[in-house]
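Before any comments, here is the structure.
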Amino acid sequence: MPRQQSIERVRNIGIIAHIDAGKTTVTERVLYYTGRTYKLGEVHEGTAVMDWMVQERERGITITAAATTAEWNGHQINIIDTPGHVDFTVEVERCLRVLDGGVVIFDAVHGVEPQSETVWRQADRYKVPRICFVNKMDRIGADFWRTIDMIAERLEARPLAIQIPMGTEDKFEGVIDLIEEKAWTFPPGKEVDPVSSPIPAESAEDAAKYRELLIEKTAEVDDQLMISYVEGHEVTVTELKKALRRATLASLATPVMCGAALRNKGVRPLLDAVIDYLPSPIDVPAIAGNHPKTGDVEERTADDGEPFCALAFKIVSDPYVGRLAYFRVYSGHASEGDALLNSTQGEKERFGRLLRMHANSREDITDVYAGDIAAAIGLKETFTGDTLCDLDKPILLESIRFPDPVVSRSIEPKTKEDQDRLGESLRRLSEEDPTFVTHYDDETGQTIISGMGELHLEVIADRLVREFRVEANIGRPEVAYKETITREAAAEGRFVRQTGGHGQFGVVNIEIRPRDRGAGIEFIDQTRGGSVPKEFIKPIETGIRQALQTGIIGGYTVIDISISLIDGQAHAVDSSEIAFRNAGMLAIRGALSRAETILLEPIMRLEISAPDESFGDVLGDINSRRGQVIGVEPRGKLQIIRALLPLAESFGYTTDLRSLSQGRASFSMEFEHYAPVPKEVTEKVTVGRVATAKA
């Protein structure tokens, strides 16, 4: 089947923002105005198409990224609506990995919030061009220009206002388009088209000033426009749009618009901006990878004639069709039933059915082309981050990196029947969500589930009951502590066993030293002269890494250290992979005991909006929880408090904050870094862990 839309007219975009900024509301309006849906879905009524999960509709938040496709002015827009809550940041991470552009939504009242910063950094990491939409301009306290300043200061970006608001709060009636120099008003009613008119006389001076500023700032990052500007030529609409597009695609500037999505104001101009300023698949650099066998760098351009190359970015267990794999096609063309290679797993796969997704509904398609985002049934060995490619032209793309879980809870099935289903259900959930991890604790005899926060694990537990029909008891939250070292140390590991006949012989000498926080584990082979045969180097590393999963203070994973293999001894007959793996484990445990091992805890970044009258109580509570206030900013009648707080002290904070502020304060929280645990707290943690293990 031939391609229905030329690749130049395809846009792959993500809607990203802080929680409650209005992402899903904007997306619902986009679907309605593009004709994808026939009625408006509302988050507050639980009727949003993109929030299709029961848990999403009950809580009024987005939990899982939902994909859909819409048509606008002859262009195909593939849209992914992402969550804003920090517990589900994995959804944003994997979507930005495969998208070409982003629409960042900001709340006009609160401006740049903590999760706004997180998603912006994620988009920076993947070099995703973006435009901004300042939403909720009709709310009390809305301030478009303050939000612009916050984007520049907090996000270190170059925001370019291409619209300015006409009125604000309850007097917000429309926007002035600085590029085409006209006013847009949005009469009440979802069916009524926006009305275009000349700029009102009372706004003409401001419009002229801000248009001149827009041209000036765009010219600073675009040489072609700079020539026209310096020579004093009049800048045409077409010339300015082209310059803005070039600056946006190069991530040198970010166009900013405004509106009130809930009141249907400003969404259609936003759609026009997606077409005008965000890239098509051919506007972004060719995807680079490596040949899975030779390691040579390979590139694939967005062309249907290139060898097929795609990245699986999401796995879903669908109750009706089974296991679904979402993927982005970077090059080539594939059809239903085609065989292909999963170069990450080294397995051959075959497309069963190909689907175009619309939230949780599906549309069968027969072919996929470069630039498409689709889903497939039948990929049994494919997981998140795997590369799918042509059998004869293999390529391995960079996978997707995910943060480690920070909260753990024990889980026990209520009945024998539940026990039989629990393991399979947890496996399927962890396939869907790489930040959800399960393991069996030999010391306590419990199954442990770990995730990104309390809400994350609450949703998992709820899904176990509703989707998988598994009843289980969930233990209290536990912090995912880590261990590390503070100084260098050396040790020898000797594994020598003689039992008659062939014995076991392996001797390993290592040195360890601390690394910067977040640097991970590094293993370096520094042996000389063949003291350790090359075939035993890998088993030694395997043994060391296995031992690092259980530290010596509280049995927590050891992180951020460098291990150098200095020397060793081998026996011509008795040495084996098992002997050297065990010797490596003995060596690392000996070195850790000499290196002043310390406990690390996750520190969360907290932003609290508190009324003036409860400001002091909230500050005092933060200090009592071992928190550190790093900034306070007045915003209207509220005080915005930014603080760092140990995760261990944050459990139940929602209830306590409501009590302190009579329900008027709110907060958001996200992981910041790992930091050393105070000595007195370390003793409590390790004593409690030992007691649990004995019990």
Side-chain angles (χ1 to χ4, degrees), residues 401 403-406 437 439 441-443 479-497 504-571 575-603 673-679 681-683 685-686 689-690:
R401 291 172 293 177
D404 292 330
V406 295
V437 178
H439 75 277
D441 191 323
D442 292 322
E443 293 183 1
V479 178
Y481 292 101
K482 305 289 185 185
E483 298 181 25
T484 194
I485 61 174
T486 58
R487 69 177 187 185
E488 298 181 9
E492 180 181 82
R494 299 181 64 87
F495 188 80
V496 181
R497 301 287 187 273
Q504 297 285 355
F505 185 95
V507 179
V508 171
N509 296 92
I510 65 169
E511 293 178 354
I512 63 174
R513 61 188 60 84
R515 302 186 75 195
D516 293 337
R517 199 67 62 240
I521 304 297
E522 177 184 53
F523 178 83
I524 306 170
D525 175 18
Q526 293 184 343
T527 55
R528 297 289 183 271
S531 57
V532 178
K534 291 297 181 186
E535 65 266 25
F536 297 136
I537 301 297
K538 190 64 179 176
I540 293 171
E541 181 181 357
T542 300
I544 288 173
R545 290 186 179 274
Q546 185 177 338
L548 291 175
Q549 296 301 308
T550 308
I552 63 173
I553 299 180
Y556 299 102
T557 302
V558 181
I559 63 171
D560 300 337
I561 71 169
S562 176
I563 307 105
S564 296
L565 176 61
I566 304 301
D567 201 0
Q569 300 174 40
H571 189 279
S575 288
S576 66
E577 291 188 1
I578 293 175
F580 274 99
R581 187 184 68 198
N582 289 335
M585 296 175 73
L586 293 170
I588 192 65
R589 297 197 72 79
L592 290 174
S593 65
R594 298 183 177 97
E596 290 190 5
T597 306
I598 60 170
L599 203 63
L600 300 173
E601 64 180 340
I603 302 296
H673 62 265
Y674 271 92
V677 177
K679 185 176 180 181
V681 178
T682 298
E683 292 173 357
V685 171
T686 53
R689 188 168 174 84
V690 170

Please report the closest heavy-atom contact between Phe580 and Val507, naming both atoms and the distance.
CE2-O, 3.6 Å
Is any side-chain heavy atom of Ser562 closer than 4.5 Å to one of Glu488?
no
Smallest separation among heavy atoms of Ala490 and Glu511, with atom names:
CB-CG, 3.9 Å
Taking all atoms of both residues into account, what is the closest heavy-atom pair of Ala595 and Ala489, and its distance?
CB-CB, 3.7 Å
Would you mind writing out the side-chain donor-acceptor pairs for residues 536-543 within the sub-3.5 Å range, not counting sequence neighbours?
residue, atom, partner, partner atom, Å
Glu541, OE2, Arg545, NE, 2.9
Glu541, OE2, Arg545, NH2, 3.3
Thr542, OG1, Lys538, O, 3.0

What are the two closest heavy atoms between Ile563 and Ile544, and how far apart are they?
CG2-CD1, 3.9 Å
Can you see whether Glu596 engages Thr486 through a side-chain donor-acceptor pair at a distance of less than 3.5 angstrom?
yes
Drop me the distance from Arg497's CZ to Ile578's CD1, to the nearest 0.5 angstrom.
12.5 Å
Report the distance from atom OG of Ser575 to atom CD of Glu535, rounding to the nearest 0.5 Å.
9.0 Å
Tightest non-hydrogen contact, residues Val479 and Tyr556, listed as O-CE2, 4.4 Å
Could you give the distance from CD1 (Ile552) to OG1 (Thr597), rounded to the nearest 0.5 Å?
3.5 Å
Applying the salt bridge (Lys or Arg N to Asp or Glu O under 4.0 Å) criterion to Asp560, which one of Lys482, Arg515, Arg517 satisfies it?
Arg517
More than 12 heavy atoms of other residues, nucleotides or ligands under 6.0 Å from CD1 of Ile524: is that the case?
yes
Is the backbone N or O of Gly555 less than 3.5 Å from a side-chain atom of Thr550, with the two atoms forming a donor-acceptor pair by type?
no
Taking the side chain as every heavy atom from C-beta outward, state whether Ile588 and Val558 have any atom pair closer than 4.5 Å.
no
So, Asp567 side chain and Gln569 main chain: donor-acceptor pair closer than 3.5 Å or not?
no
Flag side-chain contact, heavy atom, 4.5 Å: Ile598 against Leu600
yes
Say you draw a straight line from CG of Asn509 to CD1 of Ile566; how long is it, rounded to the nearest 0.5 Å?
8.5 Å
Closest approach of Gln504 and Ala579, non-hydrogen atoms and distance?
OE1-CB, 3.5 Å
Does a side-chain heavy-atom distance below 4.5 Å link Arg494 with Leu586?
no
Let me see the working for Ile561 and Ile521 under side chain to side chain contact (heavy atoms under 4.5 Å, CB included), right down to the final yes or no.
CA-CA 5 Å; Ile561 71 169; Ile521 304 297; 3.9 Å; yes
Under 3.5 Å: donor-acceptor pair, side chain of Glu483, backbone of Gly554
yes
